[in-house]
Amino acid sequence: MNKTYLESLYALLDALGGEKEKDAIDTAIKKSRDFLEDLQVEYTRLFINGIPHVVAPPYGSVYFDKSLQGKYAEQVMHYYCSKGYALTDKADFPDNLIHQLEFLSFLAEDKDQESENEFLGTYFLPWFETFSKLVKKEAQHPFYRIIITLIDFFTKEEKEYGVQLNEA
């Protein structure tokens with residue numbers, strides 16, 4: 001997280017009427033001795049290694065197959081390949097939230113609305129809804145609730161309206 005990232009996030013929140021969310025992040029920054037460390041600790045608790053369990057694993061297989069790298073991950077990887085995309089050898093599992101969002105961004109760049117809708121409806125939204133509810137309920141830092149809310153908003157907008165080009 002750097003100043004440019006935070007400025008971009010605030011500009012996005014301004015555009016969406018997110019004054020309350022900006023205030024929540026500002027308050028967290030002011031209360032913190034080390035904002036980045038606070039984010040790292042919460043990230044770890046939510047998504048990697050929480051005690052007694054990870055709060056919200058960011059992998060679709062966990063929600064579909066009840067395990068990491070299950071059949072769902074294979075199906076997602078197959079879908080990526082069917083559209084001409086692949087992961088590098090060192091990449092995390094294909095059903096990771098970040099990979100799925102990046103894949104959706106590639107489909108948007110390709111203006112492949114049909115594939116976006118198919119991927120969102122078949123692969124992404126069914127598990128993301130449960131995941132986002134967990135994060136919104138359990139996050140102890142406002143940053144993650146806000147980011148998940150933005151992802152939720154934009155993926156639903158994308159599914160409903162498709163890519164909206166900014167003509168400005």
Side-chain angles (χ1 to χ4, degrees), residues 1 5 8-9 12 21 24-25 28 32 34-163:
M1 165 104 41
Y5 179 88
S8 297
L9 177 59
L12 178 61
E21 288 77 9
I25 292 173
S32 176
D34 187 333
F35 183 68
L36 183 57
E37 183 177 298
D38 292 349
L39 290 178
Q40 291 169 334
V41 168
E42 181 66 346
Y43 181 89
T44 300
R45 187 186 72 81
L46 286 171
F47 309 122
I48 297 175
N49 192 19
I51 296 174
H53 59 84
V54 178
V55 173
Y59 302 94
S61 288
V62 171
Y63 302 91
F64 280 107
D65 302 325
K66 308 293 182 213
S67 68
L68 277 176
Q69 204 171 11
K71 188 170 182 92
Y72 171 81
E74 291 175 28
Q75 293 169 343
V76 168
M77 189 67 211
H78 179 73
Y79 195 86
Y80 294 162
C81 292
S82 75
K83 299 299 174 189
Y85 293 95
L87 296 173
T88 65
D89 291 339
K90 295 180 181 179
D92 197 352
F93 300 135
D95 57 334
N96 181 289
L97 172 69
I98 300 303
H99 291 317
Q100 292 192 22
L101 291 173
E102 188 172 23
F103 178 66
L104 285 166
S105 76
F106 293 148
L107 294 176
E109 284 178 15
D110 293 344
K111 298 179 176 54
D112 188 349
Q113 181 67 49
E114 184 179 331
S115 297
E116 280 184 80
N117 284 339
E118 182 177 39
F119 190 80
L120 283 166
T122 303
Y123 298 104
F124 186 79
L125 290 176
W127 75 271
F128 182 77
E129 290 183 12
T130 301
F131 170 81
S132 71
K133 285 177 188 172
L134 287 170
V135 174
K136 290 175 188 174
K137 179 181 173 194
E138 300 292 335
Q140 296 172 359
H141 197 289
F143 176 80
Y144 293 105
R145 279 194 302 274
I146 292 166
I147 294 299
I148 292 301
T149 299
L150 288 171
I151 294 170
D152 192 31
F153 172 79
F154 282 113
T155 53
K156 287 179 180 168
E157 286 285 307
E158 190 76 15
K159 179 153 180 51
E160 187 167 343
Y161 301 110
V163 176

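Source: prediction; values computed, not measured. In what follows, every heavy atom counts, from backbone to side chain, and hydrogens, waters and symmetry copies are set aside.
Heavy atoms only, all atoms of each residue included: Phe64 and Tyr123 are closest at CE1-O, 4.1 Å. Heavy-atom minimum distance, Ser61 versus Ala73: OG-N, 3.2 Å. Between Arg145 and Val135, the shortest heavy-atom distance links the atoms CG-O, 3.9 Å. Minimum interatomic distance between Gln100 and Asp95 (heavy atoms only, all atoms of both residues): NE2-O, 3.1 Å. Shown here for Lys136 and Ile148, the closest heavy-atom pair between the two residues is CE-CG2, 4.1 Å. Listed here is the closest heavy atom pair of Ala56 and Leu134: CB-CB, 4.0 Å.
Judged by distance alone, with hydrogens and angles left aside, the side-chain atoms of Glu42 form a donor-acceptor pair with the main-chain N or O of Gln140 at under 3.5 Å. For the pair Tyr80 (side chain) and Pro94 (backbone), a donor-acceptor distance under 3.5 Å is present. Of the possible donor and acceptor atoms, one in the side chain of Asn96 sits under 3.5 Å from a partner among the backbone N and O of Ile98.
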*Passes side-chain contact (heavy atoms from CB on, under 4.5 Å), Leu101 versus Thr155? Steps please.*
CA-CA 9 Å; Leu101 291 173; Thr155 53; 4.2 Å; yes

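Interatomic distance, Ser105 OG to Phe154 CZ, rounded to the nearest 0.5 Å: 13.5 Å. Between atom NZ of residue Lys133 and atom CZ of residue Phe128 there is a gap of 11.5 Å, rounded to the nearest 0.5 Å. Between Glu21 atom CD and Leu150 atom CG the span is 8.0 Å, to the nearest 0.5 Å. Expressed to the nearest 0.5 Å, how far CD of Gln40 lies from CG of Asp34 amounts to 7.5 Å. The distance from the OG1 atom of Thr44 to the CG atom of Asn49 is 7.5 Å, given to the nearest 0.5 Å. Rounding to the nearest 0.5 angstrom, the gap separating the CD1 atom in Ile151 from the CD1 atom in Ile146 is 12.5 Å.
Arg45 has its side chain out of reach of Val41: every pair of non-hydrogen atoms, C-beta onward, lies at least 4.5 Å apart. Counting heavy atoms from C-beta on, the side chains of Trp127 and Val62 never come closer than 4.5 Å. By the 4.5 Å heavy-atom criterion applied to side chains, Phe103 and Lys83 are counted as neighbours. Two residues are said to be in side-chain contact when any heavy atoms from C-beta on lie closer than 4.5 Å; Leu9 and Ile147 meet this criterion.
We find that Glu74 and Lys71 are not joined by a salt bridge, their nearest charged nitrogen and carboxylate oxygen being 4.0 Å or further apart.
For Phe47 and Tyr144, the gap between ring centers is short of 6.0 Å. Under the 6.0 Å cut-off for aromatic ring centres, His99 and Tyr59 do not qualify, their centroids lying 6.0 Å or more apart.
Of the N and O atoms on the side chains of Ser132 and Asp152, not one donor lies less than 3.5 Å from an acceptor on the other residue.
The aromatic rings of Phe35 and Phe143 stand perpendicular to each other, their planes meeting at an angle above 60°, with 30° marking the opposite boundary. Note: Phe131 and Tyr63 have perpendicular aromatic rings, judged against thresholds of 30 and 60 degrees for the angle between ring planes.
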